[in-house]
Protein chains: 2
Amino acid sequence: MPEQPPYLRIADELRRRISEHEWVPGDRLPSRAQIGQEYGVGDNVVRRAQELLISQGVLEGRAGSGTYVAEPRQRVRVVRSSAREQPSGSPFRADMKAVGRQGDWESRTEAKVPAPAEIAARLGIAEGELCVRTAYEFLADGRPVQLSTSWEPYDLTAGTLVVLPEGGPHAGAGVVNRMAEIGITVSHAVEQPEPRQATAEEASLLGIQKGALVTHIRRTYYTDQGRPVETADIVVPAALCEIVYEIPISR
Amino acid sequence: MPEQPPYLRIADELRRRISEHEWVPGDRLPSRAQIGQEYGVGDNVVRRAQELLISQGVLEGRAGSGTYVAEPRQRVRVVRSSAREQPSGSPFRADMKAVGRQGDWESRTEAKVPAPAEIAARLGIAEGELCVRTAYEFLADGRPVQLSTSWEPYDLTAGTLVVLPEGGPHAGAGVVNRMAEIGITVSHAVEQPEPRQATAEEASLLGIQKGALVTHIRRTYYTDQGRPVETADIVVPAALCEIVYEIPISR
DNA sequence: TCGAATTTGTGCGTATGTATC
DNA sequence: GGATACATACGCACAAATTCG
């Protein structure tokens, strides 16, 4: 007879008490020792149960403070499609507006950064060749919901008005529009989404739990001649954003 | 002074000995007790170290047998774009051929299955309305690399030659082609990729480690009038497949 | 302001289960 | 069926973070 292990029984109990609104989102649960005593198990069994529910996004642990019922945050819908690239304005702001949130971002650009091996391969340039690197932090209502690091070959834009992605007259217009300004036509993007767990740094930047799941998207923009003009590493936390690809069917 | 915990030191040691080809892919490592004795730590410290490397795909644990150096399997490149839908032939077979592997699949169709709530919402029908459900298992060189469960409203195809996705004259032609046969034009697909961990069942079906990361894609096909005609849950294990979205840029 | 108490988080050990050979 | 090795569950000790008097 496969008897249910104690920690799963406690997890079910906690889940039940939450679903019955004994504790509502934002509430702090009793301490582990207290819960353990109540059910006649060790506090470590309670810990396992809570870890399970934390990994499922039901609970939220705060060191030194307590274990809380997670707030059901509305996720941001991030649309990724050809229609996303508008002649003007930012796709991110549009995404945010669609869910009634204010879209904003902070960026930090560094020019003449030597390309590491992986980036060089993606951009079709030699390792160590100079690039313009920009780190983004996308905010919804002031809270970070998405991270991105963008790389462009320095040669491509050197001496033009669009060298700096977030400076000059075309700041924030997006890669496609900026490249169009200097006569480069971006014809398609390739995105490679990969599931992984958030690093400690990403978790603290995004305000999510430590091992939380994210989608790491490697995106590269190409000209119609197949030349890469920009590549980016985008980190999308599952707890905060939902990703939507719209694919037209051509026949 | 941030002293490195024992289990991380062991992990580094193991990683080093693998990178120095002391053990090559497929080799079995010495038992945990043996490694522990060698470094003067408990076998449970070795276990933590091995768990870390297993989660990173470096090692592979086989219950009752031992811990092995993981074979660096070539991942299947799964392209998802508008160009994917061909007038004839299967997109999956094309993906497989591109990496020199034989593409194949097994399916199990059940007609007149009442739609659960989530599926009904995605198909825009009432909960409990009848559907045709087909479970797929996609194989590369005979080994499963991808799972999928597809749902179509029964009303849509009832009485036609294309009721069964994998039966009749249009078996395996894909949703778009089959719908075209009965005069329904599929104009676009929406895909929603979500990172999560494999369930025990999925892991055993796909031959991957238990908590391994997968991308769960919710895909829905729509007609040009915006009516959903098919929705599917696709499970793509990160260890076996890489997902590529190609996005045309329209200006 | 500071320090002690509380609470979560981490590391590690032991006992038991279970798969493989 | 027995021996071996990995997998799981649980307990204890300590560190880190927070809270509060």
Side-chain angles (χ1 to χ4, degrees), chain A residues 1-14 23 26-55 58-70 197-200 203-204 207-212, chain B residues 1-14 23 26-55 58-70 197-200 203-204 207-212:
Chain A
M1 210 57 197
E3 186 181 328
Q4 198 171 223
Y7 84 102
L8 287 180
R9 185 174 65 90
I10 303 301
D12 282 342
E13 280 294 314
L14 296 179
W23 301 308
D27 279 4
R28 207 195 77 172
L29 267 58
S31 77
R32 293 203 283 240
Q34 224 165 317
I35 295 176
Q37 195 171 14
E38 186 178 342
Y39 288 102
V41 298
D43 37 351
N44 150 33
V45 173
V46 180
R47 184 173 58 76
R48 294 283 183 199
Q50 289 182 342
E51 275 174 4
L52 183 68
L53 297 183
I54 287 173
S55 79
V58 177
L59 294 180
E60 192 183 323
R62 299 181 204 162
S65 174
T67 304
Y68 295 76
V69 180
Q197 297 186 305
T199 65
S204 86
I208 55 178
Q209 295 290 116
K210 192 165 179 186
Chain B
M1 209 60 196
E3 188 181 325
Q4 199 171 224
Y7 85 102
L8 287 179
R9 185 172 66 89
I10 303 301
D12 283 341
E13 281 294 314
L14 296 179
W23 300 309
D27 279 4
R28 206 195 76 172
L29 267 57
S31 78
R32 294 209 267 248
Q34 224 166 316
I35 295 176
Q37 196 172 14
E38 187 178 341
Y39 288 104
V41 298
D43 38 350
N44 95 59
V45 174
V46 181
R47 183 175 59 76
R48 297 280 183 198
Q50 289 181 343
E51 273 175 3
L52 183 67
L53 296 182
I54 287 172
S55 78
V58 177
L59 295 179
E60 193 184 322
R62 298 181 205 164
S65 174
T67 304
Y68 296 76
V69 180
Q197 296 186 307
T199 65
S204 86
I208 56 178
Q209 297 290 119
K210 188 166 179 188

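These numbers were taken from a predicted model, which means no experiment stands behind them. To find a chain, count down the sequence lines: A is the first, B the second, and so on, and within it residues start at 1.
- Remark: C1' of dT7(C) and CG of L59(A) are 15 Å apart, rounded to the nearest angstrom.
- Residues A49(B) and L14(B) come closest through the heavy atom pair CB-CD1, 4.5 Å.
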Side-chain donor-acceptor pairs of residues 60-69 of chain A under 3.5 Å, sequence neighbours excluded:
unit_1: S65(A); atom_1: OG; unit_2: Y68(A); atom_2: OH; d: 2.6
unit_1: T67(A); atom_1: OG1; unit_2: Q50(A); atom_2: OE1; d: 3.4

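- The CD-C1' distance, from Q34(B) to dT4(D), rounds to 12 Å in whole Å.
- The environment of CD in E38(B) is crowded: more than 12 heavy-atom neighbours from other residues, nucleotides or ligands sit within 6.0 Å.
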Where protein sits on nucleotides 10-21 of chain C, one letter per nucleotide: B base, S sugar-phosphate only, - none, heavy atoms under 4.0 Å: BSBBB----BB-
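- Looking at heavy atoms from C-beta onward, Q197(A) lies in side-chain contact with Q197(B) at the 4.5 angstrom threshold.
- Here the nucleotide nearest the side chain of R28(B), chosen from dG9(C), dA5(D), dC6(D), is dA5(D).
- Between E51(B) atom CD and N44(B) atom CG the span is 9.5 Å, to the nearest 0.5 Å.
- Atom pair Q50(B):CD and dT8(D):P shows a separation of 14 Å (rounding to whole Å applied).
- Residue S31(A) places none of its side-chain N or O atoms closer than 4.0 Å to OP1 or OP2 of dT6(C).
- Using a 4.0 Å cut-off between charged side-chain N and carboxylate O, R9(A) and E13(A) make no salt bridge.
- In this structure, the side chains of V41(A) and I35(A) stay at 4.5 Å or more apart for every pair of heavy atoms.
- Axis angle across the helix from dC2(C)-dG21(D) to dC21(C)-dG2(D), with five pairs used at each end and values rounded to 10°: 0°.
- In this structure, L52(B) and A11(B) approach most closely via the heavy-atom pair CD2-CB, 4.1 Å.
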